[in-house]
Every structure is written in C-alpha cells, then in structure tokens.
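Working notes, beginning with the structure itself.
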Amino acid sequence: MKISVSYLKSPYNKEETIKMIENTSADYLHVDLKDGLFVDENNFTWEEMWPLLNKVKKPLDIHLMTLDVEHHIKNARVLNPEYITFQFEAAKYVKDCIDLVKSSGIKCGIAISPETLVEEIEPYLKKIDLVLVLGVHPGKGGQKFIKETVEKLIELKSLKKDYNFSIEVDGGINEKTVSLVSDTADIIVSGSYICESENFEKSIQILKSKA
C-alpha cells in the first residue's frame with residue numbers, strides 16, 4: 001500500500017508543508033486543485049502552482065476538481081506528474097480527456113464522487129491507470145469517511161483482474177479508517193491526519209501499521 005499526502009490541511013504554509021512531506025517516506029505528494037466551479041473553493045492559480053511544485057522531488061499525484069477539464073490537463077502536464085486524475089462528473093468528453101493526459105506520457109486517473117456508481121466508469125477502465133474513489137464529498141477537507149465507499153473499493157478490486165489500473169482512495173483516512181480500505185486500495189490519500197499532526201513521518205508509519 002502506497003501513501004499519497006495532501007498538503008492543504010496544515011497549520012503551516014504550503015511551502016513549509018510540502019518541504020515537510022518531502023522529508024517523509026510518503027510515496028506521492030497529492031495535489032488537490034479546486035476551481036470554485038466544480039466545488040465551491042478556489043485554491044489555486046497556475047501561476048502559483050508552477051513555482052510551488054516544479055522542484056518537488058516526490059512524484060506528483062494531481063487531482064483536478066475542476067470544470068474545463070481539458071484546459072487544466074494542459075496546464076497540469078507541464079509539471080510532469082506521475083498521475084493526472086480528473087473528476088468523471090466534470091468531464092464532457094471523458095475519452096478525449098484520457099487521451100490528452102496519456103498523449104504526454106502521463107498516467108491518467110478518473111475520480112468518482114460518492115454518488116457515482118462504478119458501473120458508470122466501466123467503459124473507460126481499459127484506458128486508464130488509476131481510479132480514485134472519494135470517501136467524502138469533494139471540496140472540503142476534514143470530513144468523515146463514508147463507509148459505503150468500501151463497497152465500491154471491493155467492486156473495483158474484483159474488476160482489476162481484467163484491467164490494469166490501480167485503486168486510490170481519498171477522504172477521511174486516518175488511523176481508525178485505514179483498515180477499512182487497506183485490503184482493496186493500492187494508494188491511500190491522507191491529508192489532515194498527517195499534516196495536522198506533530199510528526200508527519202510518525203503518522204505515516206501509524207497508517208502503515210494499522211493497514
């Protein structure tokens with residue numbers, strides 16, 4: 001199980017938080033980008049993102065919670081992340097978005113909100129590298145994990161044998177909920193549990209021990 005750390009919920013500023021994550025054993029830096037349209041919060045401009053992220057050494061795991069998906073993919077790929085994941089519900093032309101990501105040699109993910117059924121993305125599973133299952137409603141950190149998420153993860157795991165995608169889960173992951181997803185998820189995203197703790201690395205190791 002790999003761990004991707006989201007830096008948004010932290011008592012430190014973004015630069016300090018990212019540096020602290022860089023000094024841990026985390027596998028990825030998870031980048032949640034919200035445009036104020038798909039979700040209420042607008043938390044970035046690309047002019048801010050480039051200097052903030054272009055020197056990060058850990059692989060970037062970018063999650064676009066945005067409308068105008070293709071526009072944001074074009075900007076995000078400049079950072080050469082390992083993954084660009086877009087919201088299924090936001091994409092007008094899902095296949096075109098997948099092709100745009102993969103045309104740059106970047107792995108493509110599709111994220112699904114709690115209301116979206118796995119069967120809705122089945123036509124695209126053969127083309128993508130990652131399914132990000134949101135265990136909370138998109139847009140705000142610190143929400144409680146929705147336990148029905150576990151059923152989606154089990155369903156996706158059963159489908160994996162026919163495809164070649166990884167399963168990621170994000171939202172409400174902490175030392176109490178990680179055991180609910182560790183058997184099915186390949187990557188877990190944790191934000192406030194790690195970044196609001198006194199010791200980032202210790203929190204990561206707790207998650208691994210509870211998995």
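Note that the numbering runs from 1 along the sequence shown for the chain.
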Item to complete: Ignoring hydrogens and angles, state whether a donor on the side chain of Glu196 or Ser10 is under 3.5 Å from an acceptor on the partner side chain.
Response: no
Item to complete: Would you give the length of the straight line joining atom OG1 of Thr85 to atom CE of Met65, rounded to the nearest 0.5 angstrom?
Response: 11.0 Å
Worksheet item: OG/Ser197 to CG/Asn174 distance, rounded to the nearest 0.5 angstrom?
Response: 12.0 Å
Worksheet item: Strictly by modelled atom types, are His63 and Glu168 linked by a side-chain donor-acceptor pair under 3.5 Å?
Response: no
Worksheet entry | Euclidean distance, Thr24 OG1 relative to Ile204 CD1, rounded to 0.5 Å | 3.5 Å
Practice prompt. Evaluate the criterion side-chain contact (heavy atoms from CB on, under 4.5 Å) for residue pair Val31 and Tyr7; output intermediate values, then yes/no.
Written response: CA-CA 7 Å; Val31 183; Tyr7 58 83; 3.7 Å; yes
Discussion item. Looking at Asp162, I'd like to know if its CG atom is crowded, meaning that more than 12 non-hydrogen atoms belonging to other residues, nucleotides or ligands lie closer than 6.0 Å.
Written reply: yes
Worksheet item: What is the minimum heavy-atom distance between Asp27 and Pro59, and which atoms define it?
Response: O-CD, 3.3 Å
Worksheet item: Is there a donor-acceptor contact under 3.5 Å from the side chain of Asn43 to the main chain of Asp32?
Response: yes
Worksheet item: When clusters are formed by joining ILVMFWY residues with side-chain heavy atoms under 4.5 Å apart, either directly or through shared neighbours, do Val169 and Tyr83 land in the same one?
Response: no
Worksheet item: Do the charged groups of Lys157 and Asp183 touch, with an N to O distance under 4.0 Å?
Response: no
Worksheet item: Take atom NZ in Lys57; do more than 12 heavy atoms of anything else shown fall under 6.0 Å from it?
Response: no
Worksheet item: How many angstroms lie between atom CD1 of Ile194 and atom CE of Met20, to the nearest 0.5 angstrom?
Response: 11.5 Å
Practice prompt. Any chance you could lay out the side-chain contact (heavy atoms from CB on, under 4.5 Å) test for Lys147 and Thr177, step after step, and finish with the verdict?
Written response: CA-CA 9 Å; Lys147 290 189 176 180; Thr177 57; over 6 Å; no
Discussion item. In this structure, would Ile98 and Ile121 fall into the same cluster of hydrophobic residues linked by side-chain contacts under 4.5 Å?
Written reply: yes
Practice prompt. Could you tell me whether a side-chain N or O of Thr116 sits under 3.5 Å from a main-chain N or O of Ile112, the two making a donor and an acceptor?
Written response: no
Worksheet item: Shortest non-hydrogen contact from Asn42 to Asp35?
Response: ND2-O, 3.3 Å
Worksheet entry | Side-chain touch Pro81/Ile106, heavy atoms, less than 4.5 angstrom | yes
Worksheet item: Are Asn164 and Asp129 side-chain neighbours, meaning at least one heavy-atom pair lies under 4.5 Å?
Response: no
Discussion item. Between Lys152 and Thr184, is there a side-chain heavy-atom distance shorter than 4.5 Å?
Written reply: no
Discussion item. With heavy-atom distances below 4.5 Å as the criterion, would you say the side chains of Phe145 and Leu180 are in contact?
Written reply: yes
Worksheet item: Of all heavy-atom pairs between Cys195 and Pro11, which one has the smallest distance, and what is that distance?
Response: O-CD, 3.2 Å
Fill in: Asp99 side chain reached by Lys127 side chain, heavy atoms, under 4.5 Å
yes
Discussion item. Set out, in order, the CA-CA distance, both residues' side-chain angles and the distance that settles side-chain contact (heavy atoms from CB on, under 4.5 Å) for Ile62 and Leu79, then state yes or no.
Written reply: CA-CA 10 Å; Ile62 295 179; Leu79 292 166; 4.1 Å; yes
Discussion item. Are the side chains of Ser113 and Gln87 in contact, using a 4.5 Å heavy-atom criterion?
Written reply: yes
Fill in: Hydrophobic cluster identity match, Tyr28 and Ile128, side-chain contacts under 4.5 Å
no
Worksheet item: Going by an N to O cut-off under 4.0 Å, is there a salt bridge joining Glu41 and Lys34?
Response: yes
Fill in: The single option from Lys58, Lys107, Arg77 passing salt bridge (Lys or Arg N to Asp or Glu O under 4.0 Å) against Glu82
Lys107
Item to complete: Provide the closest heavy-atom pair for Pro138 versus Val39 in the form atom of the first, atom of the second, distance.
Response: O-CG1, 3.5 Å
Worksheet item: Going by heavy atoms in the side chains, are Leu159 and Val118 under 4.5 Å from each other?
Response: yes
Discussion item. Under a 3.5 Å cutoff, is there a donor and acceptor pairing between the side chains of Glu201 and Ser25?
Written reply: yes
Worksheet item: Atom CG in Asp96, atom CD1 in Ile73: separation rounded to 0.5 Å?
Response: 9.5 Å
Worksheet item: So, for Glu89 and Phe38, which heavy atoms are closest and what is the spacing to 0.1 Å?
Response: OE1-CZ, 3.9 Å
Worksheet item: Are Phe165 and Val94 co-members of a hydrophobic cluster defined by side-chain heavy atoms under 4.5 Å apart?
Response: yes
Practice prompt. Look up atom CG in Asn75 and atom CG in Asp68, then write down how far apart they are to the nearest 0.5 Å.
Written response: 9.5 Å
Worksheet item: Is Ile3 reachable from Leu134 through a run of I, L, V, M, F, W or Y residues, each pair having side-chain heavy atoms under 4.5 Å apart?
Response: no
Fill in: Full working for side-chain contact (heavy atoms from CB on, under 4.5 Å) between Ile187 and Leu130
CA-CA 10 Å; Ile187 306 169; Leu130 181 78; 4.1 Å; yes
Item to complete: Kindly assign one of parallel, tilted or perpendicular to the pair His72 and Phe44, based on the angle between their ring planes and the thresholds 30° and 60°.
Response: perpendicular
Discussion item. Please find the pair of heavy atoms, one from Thr149 and one from Ile146, that lie closest to each other, and give the distance.
Written reply: OG1-O, 2.7 Å
Fill in: Student check: side-chain heavy atoms of Phe86 and Thr66 closer than 4.5 Å
no
Worksheet item: Can you tell me if Lys161 uses its side chain to pair, donor with acceptor, with the backbone of Ser158 under 3.5 Å?
Response: yes
Item to complete: Could you give me the CA-CA distance, side-chain angles and deciding distance for Lys92 and Glu70, then say whether salt bridge (charged side-chain N to carboxylate O under 4.0 Å, His left out) is met?
Response: CA-CA 9 Å; Lys92 291 183 179 179; Glu70 293 179 53; over 6 Å; no
